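Lettering of chains follows the sequences in order, A, B, ..., and the numbering in each one begins at 1. Values below: all heavy atoms of this structure, side chains included; hydrogens, waters and symmetry mates excluded. Everything numeric here is computed off the predicted structure, so don't read it as measured data.
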There are 2 protein chains.
Amino acid sequence: MNLPPLAAIRVFEAAARHGNFTKAAEELGMTQAAVSYQIKLLEERVGSPLFLRLPRQVVLTEIGARLAPATTEAFEILRAAFATTRESADGILTIATIPTFAATWLVPRLGSFQMENPALAVRLKSGREMTDFVRQEADVGIRSGTKEWAGLVCHKLFQANFTPMLSPALAASIGGVKTPADLLKLPILDPSDPWWNIWFSLVGIEKPALRGDLRNRLGDQHLEGRAVLAGQGVGILTPFFFQPELQQGQLIQPFDIVGSSEHAYWLVYPEARRNVPKIRAFRDWMLGQLGEATA
Amino acid sequence: MNLPPLAAIRVFEAAARHGNFTKAAEELGMTQAAVSYQIKLLEERVGSPLFLRLPRQVVLTEIGARLAPATTEAFEILRAAFATTRESADGILTIATIPTFAATWLVPRLGSFQMENPALAVRLKSGREMTDFVRQEADVGIRSGTKEWAGLVCHKLFQANFTPMLSPALAASIGGVKTPADLLKLPILDPSDPWWNIWFSLVGIEKPALRGDLRNRLGDQHLEGRAVLAGQGVGILTPFFFQPELQQGQLIQPFDIVGSSEHAYWLVYPEARRNVPKIRAFRDWMLGQLGEATA
DNA sequence: ATGATTCATAAGTACCCCTTATGGATCATA
DNA sequence: TATGATCCATAAGGGGTACTTATGAATCAT
């Protein structure tokens with residue numbers, strides 16, 4: 001069963017509702033001639049007249065009258081579906097983010113975003129894989145990398161610096177950390193991390209003898225940070241992620257020297273959607289937050 | 001609230017149902033590229049992706065999944081509506097006919113048509129006004145006129161002949177009708193009918209002195225025929241309409257001479273619908289009936 | 001490694017659909 | 001009765017959408 005042309009059905013629906021071709025044309029934003037044309041088309045397809053042409057008015061035929069309510073109902077369903085879709089699509093912001101960033105920076109600040117955008121619901125998808133906007137449902141992504149990506153708008157959030165950190169208790173256990181070499185007395189969380197060699201090289205120590213279990217690979221800087229906070233060892237972390245803990249003294253950054261990786265963290269989203277309101281709102285909020293923090 | 005392009009919605013519905021652009025394209029009779037194009041169009045209109053493009057398959061996104069059932073439902077409604085419409089339109093034959101023809105010829109024979117076309121229901125609309133297929137709901141019309149009409153297929157049914165008729169009792173009341181002049185002794189139903197002058201002229205009598213009340217204008221040959229049958233007077237009638245009564249002797253046609261009007265009775269229907277099955281069926285049956293009657 | 005399958009994209013074209021313009025018919029008003 | 005307003009039908013013509021074709025990329029199977 002093939003439906004008649006949908007454009008014709010739509011015109012018929014409006015014309016039946018108004019009982020007037022001219023008014024239907026106005027509603028649909030087209031000319032009266034176009035309505036007349038489409039109705040005629042539909043009548044030929046259906047095989048019988050749908051309207052009786054009375055002087056200065058049109059009236060549904062029996063068949064037209066039977067058809068009209070069904071078409072109206074169908075279009076109501078479509079209108080409702082697409083209306084709520086638009087709302088829900090506009091009302092839910094899905095952020096695909098690196099777990100560390102989510103836990104240390106984003107989640108604590110989401111309250112502020114919600115305050116500014118009470119109509120927006122936020123959904124987080126944190127995962128290690130790089131956000132692929134074609135294969136995953138996400139509005140914006142937070143990822144790390146060395147350069148920008150084609151097809152995406154990329155806002156550089158911060159550089160992935162790193163420096164050793166430890167808990168005050170652990171530092172006290174050896175009478176405080178005065179020189180980089182002091183760190184070698186303490187257990188190192190994840191000694192396999194290449195950042196260690198880079199950092200020690202910066203302070204003049206090549207091939208440091210790191211104490212610690214090579215199997216300690218928590219795999220995620222956020223988890224490593226929790227271990228450091230618990231005093232389980234020294235970690236090499238990105239200061240940006242642990243600003244509150246550093247300020248409150250729960251964590252110590254013994255040296256100002258930071259290593260600089262070529263990686264940076266980025267906020268990204270498809271170029272085609274750069275003007276979607278919820279995406280603009282999130283971008284503006286996020287860049288604002290970073291601006292305040294650095295200012 | 002403006003709906004996205006309906007063509008795109010239709011494609012989306014099929015694609016969602018199949019979960020496969022290629023299959024949807026087959027169902028819709030178009031190429032896979034066209035499906036891809038329409039889905040992309042719809043996604044841009046909606047403002048968010050509707051499918052996730054996974055390797056060798058597509059999967060509905062959350063928004064797509066919410067949209068899909070509604071679209072399917074809407075199209076089901078439309079499909080059902082137009083399917084039953086087609087059936088019902090095909091199943092009811094509406095005949096707009098002159099009352100006389102309906103009463104004297106058509107109705108007595110409709111049983112035969114029903115036997116041949118058990119699936120067709122017949123609806124009669126008898127009225128004096130000429131059938132206007134634009135302003136009235138009718139599939140075929142029976143009308144009288146002098147020539148064919150533009151835009152309509154016209155089958156000439158018979159010429160509107162006329163000749164005096166009366167009941168046997170009335171004829172006996174004056175010892176039988178032997179010559180046309182005998183008729184002048186009897187009351188004439190509707191002496192104002194112009195057919196009288198024409199007929200008497202044919203038999204050599206100019207300006208006949210007709211007895212009868214000028215106000216007797218029944219207006220319809222069928223009603224006049226009933227009055228003649230009741231013996232109320234002489235009528236000038238079309239033999240075609242009263243064949244059964246003539247054969248059974250309820251009515252007498254005293255003279256073979258018939259007047260011939262330029263009017264004829266026609267079966268007509270819009271040219272554009274000449275091949276609609278129910279119309280073909282009726283035309284074939286009707287012409288067949290007339291052929292038998294004259295043969 | 002090769003072919004099959006699936007979707008995306010670019011280019012080009014056909015034709016549908018709409019607009020413009022006009023006419024016919026009816027109704028209202030002077 | 002004439003004149004204007006309203007409403008729909010129709011013809012002509014152009015623009016643009018929505019196809020098709022062709023090709024590419026990615027994945028999966030053999």
Compute the ring centroids of B:Phe241 and B:Phe158, then answer whether they are less than 6.0 Å apart. yes
Ignoring hydrogens and angles, does a donor from either the side chain of B:Gln32 or the base of C:dA8 sit under 3.5 Å from an acceptor on the other? yes
Are B:Arg53 and C:dA8 close enough that a side-chain N or O sits under 4.0 Å from OP1 or OP2? yes
Selection from D:dC8, C:dA21, C:dC7 that lies nearest to any side-chain heavy atom of B:Val58: C:dC7
Would you check if there is a donor-acceptor pair between the side chains of B:Tyr269 and B:Arg274 at a distance under 3.5 Å? no
Checking the side chain of A:Lys278 only, and the main-chain atoms of A:Ile92 only, is there a donor and an acceptor separated by less than 3.5 Å? yes
Answer yes or no: does a side-chain N or O of A:Thr22 lie under 4.0 Å from OP1 or OP2 of D:dC7? no
Scan A:Thr31 against the nucleic acid and name what it touches under 4.0 Å (heavy atoms): base, sugar-phosphate only, or nothing. base
Would you kindly give the CD-to-P distance between A:Glu44 and C:dC16, to the nearest whole Å? 13 Å
Run the salt-bridge test on B:Glu43 and B:Arg53 with the 4.0 Å N-O cut-off and return the result as yes or no. yes
Nearest-nucleotide wise, let me know which of B:Tyr37 and A:Tyr37 is further upstream toward the 5' end of DNA chain C. B:Tyr37
Base, sugar-phosphate or nothing for A:Gln57? Non-hydrogen atoms, less than 4.0 Å. nothing
Can you tell me if B:Lys40 touches the phosphate of C:dT9, counting only side-chain N or O atoms and a distance under 4.0 Å to OP1 or OP2? yes
Look at the side chain of A:Gln38 and decide which nucleotide, out of C:dC18, D:dA18, D:dA22, has an atom nearest to it. C:dC18
Would you mind reading off the distance between B:Met30 atom CE and D:dT21 atom P, rounded to a whole angstrom? 13 Å
In whole angstrom, what separates A:Leu6's CG from C:dC16's C1'? 14 Å
For atom CG of B:Leu52 and atom C1' of C:dT6, their distance in whole Å: 15 Å
Spacing of B:Leu42 atom CG relative to D:dA18 atom C1', expressed in whole Å: 14 Å
B:Ser36 side chain: which of C:dT19, C:dT9, D:dC19 is closest? C:dT9
Across the strands shown, which category fits B:Arg56 at heavy-atom distances under 4.0 angstrom: base, sugar-phosphate, nothing? base
Measure CZ/B:Phe51 against P/C:dC7 and give the value in whole Å, please. 9 Å
Hey, is the side chain of B:Asn20 poking within less than 4.0 Å of OP1 or OP2 on C:dC7, counting only N and O atoms? yes
Please work out if A:Gly29 contacts a base, only the sugar-phosphate, or nothing of the nucleic acid, heavy-atom cut-off 4.0 Å. sugar-phosphate
Side-chain (A:Gln221) to main-chain (A:Thr100) donor-acceptor, under 3.5 angstrom: no
Using a heavy-atom cut-off of 4.0 Å across all strands, would you classify B:Val35 as base, sugar-phosphate, or nothing? nothing
Whole Å only: how far is the CZ atom of B:Arg10 from the C1' atom of D:dC19? 14 Å
Regarding B:Arg79 and B:Glu13, does a basic nitrogen lie under 4.0 Å from an acidic carboxylate oxygen? yes
Can you tell me the distance, in whole Å, between the CD atom of A:Glu43 and the C1' atom of D:dA9? 12 Å
